[in-house]
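This report concerns only the one structure given below.
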Amino acid sequence: MATVFWDAKGVILLDILPQGHCINAARYCSTLDRLKEAIRRKRPGLLRRGVVLQHDNATPHSANLTQQWLQRYGWEILPHPAHSPDLAPSDFHLFGPLKRYLGGMAFDSEDDLISELRNWFDNLDVDFFRVGINSLLSRWQKCIDLHGDYVEK
């Protein structure tokens with residue numbers, strides 16, 4: 001499983017869960033630690049200005065341990081209604097093109113797949129990320145206008 005943290009400037013962290021492992025609150029907090037360090041390196045000053053994170057309400061995200069981690073560092077969580085893939089930039093903007101790119105490819109190893117993922121992300125134009133993040137505002141407004149109904153059916 002790959003977890004991708006990104007903003008309007010590009011990928012901040014691509015975190016790969018080793019095969020056979022599962023995600024839990026402790027593992028997710030460890031990922032957040034790596035994200036914090038990646039932000040420090042790639043987005044100087046952002047940690048001081050404030051991080052806004054969007055994630056769904058999956059158990060590792062909503063667990064007490066994770067909530068304590070987020071409160072300790074003062075990270076804001078952008079609300080994400082349950083079962084709303086049309087309000088998650090990774091779902092509506094990132095994963096579709098990635099699936100099309102990887103479609104039909106075969107890999108000899110997990111390392112080869114990870115290398116190809118990194119290559120794909122590294123070669124995306126910064127406008128790709130900007131458009132994905134900027135479209136979130138209009139999608140939220142559509143959801144409000146539709147009284148919580150799906151933006152895209």
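We're numbering straight along the sequence, starting at 1.
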Heavy-atom side-chain proximity of Leu70 to His55 below 4.5 angstrom: yes
Heavy-atom pair of closest approach, residues Ala2 and Ile16: CB-CD1, 3.7 Å
Run the numbers on Arg27 and Ser30 for side chain to side chain donor-acceptor pair (under 3.5 Å), then give the verdict. CA-CA 5 Å; Arg27 166 69 183 177; Ser30 176; 5.1 Å; no
Could you report the tightest heavy-atom contact between Cys29 and Thr66, atom names first, then the distance? SG-CA, 3.6 Å
Any side-chain donor paired with an acceptor under 3.5 Å for Ser115 and Arg118? no
Does a salt bridge link Glu37 with Arg40, judged by any charged N lying under 4.0 Å from a carboxylate O? yes
Check the pair Trp75, Leu35 against side chain to side chain contact (heavy atoms under 4.5 Å, CB included), reporting the backbone distance first and the verdict last. CA-CA 12 Å; Trp75 288 18; Leu35 175 61; 3.6 Å; yes
Minimum heavy-atom separation for Ala8 and Phe129, please, with both atom names. O-CB, 3.7 Å
Do you know the tightest heavy-atom contact between Ala25 and Leu65? C-CD2, 4.0 Å
About how many Å separate CG of Leu13 and CG of Leu32, when rounded to the nearest 0.5 Å? 9.5 Å
Between the CG atom in Asp112 and the CZ atom in Phe107, the distance rounded to the nearest 0.5 Å is 7.5 Å
Are Met105 and Phe121 in one and the same hydrophobic cluster, where Ile, Leu, Val, Met, Phe, Trp and Tyr link if side-chain heavy atoms are under 4.5 Å apart? yes
Starting at CG of Leu46, measure out to NZ of Lys9 and round the result to the nearest 0.5 Å. 8.0 Å
Is it the case that over 12 heavy atoms from other parts of the model lie below 6.0 angstrom from the CZ atom of Arg72? yes
Residues Leu53, Phe5; criterion side chain to side chain contact (heavy atoms under 4.5 Å, CB included); working and verdict: CA-CA 9 Å; Leu53 180 67; Phe5 294 93; 3.9 Å; yes
To the nearest 0.5 Å, what is the distance between CE on Met1 and SG on Cys22? 9.5 Å
Arg34 side, atom CZ; Leu14 side, atom CG - distance, nearest 0.5 Å: 11.0 Å
Path from Val131 to Val4 over hydrophobic side-chain contacts below 4.5 Å: no
Presence of salt bridge, Asp127 and Arg130, under 4.0 angstrom: yes
Report the distance from atom CG of Leu98 to atom CG of Leu117, rounding to the nearest 0.5 Å. 6.0 Å
Is the ring pair Tyr28/His61 parallel, tilted or perpendicular, if the boundaries are 30 and 60 degrees? tilted
Do Val126 and Trp120 belong to the same hydrophobic cluster, where Ile, Leu, Val, Met, Phe, Trp and Tyr are linked whenever their side-chain heavy atoms lie under 4.5 Å apart, directly or via other members? no
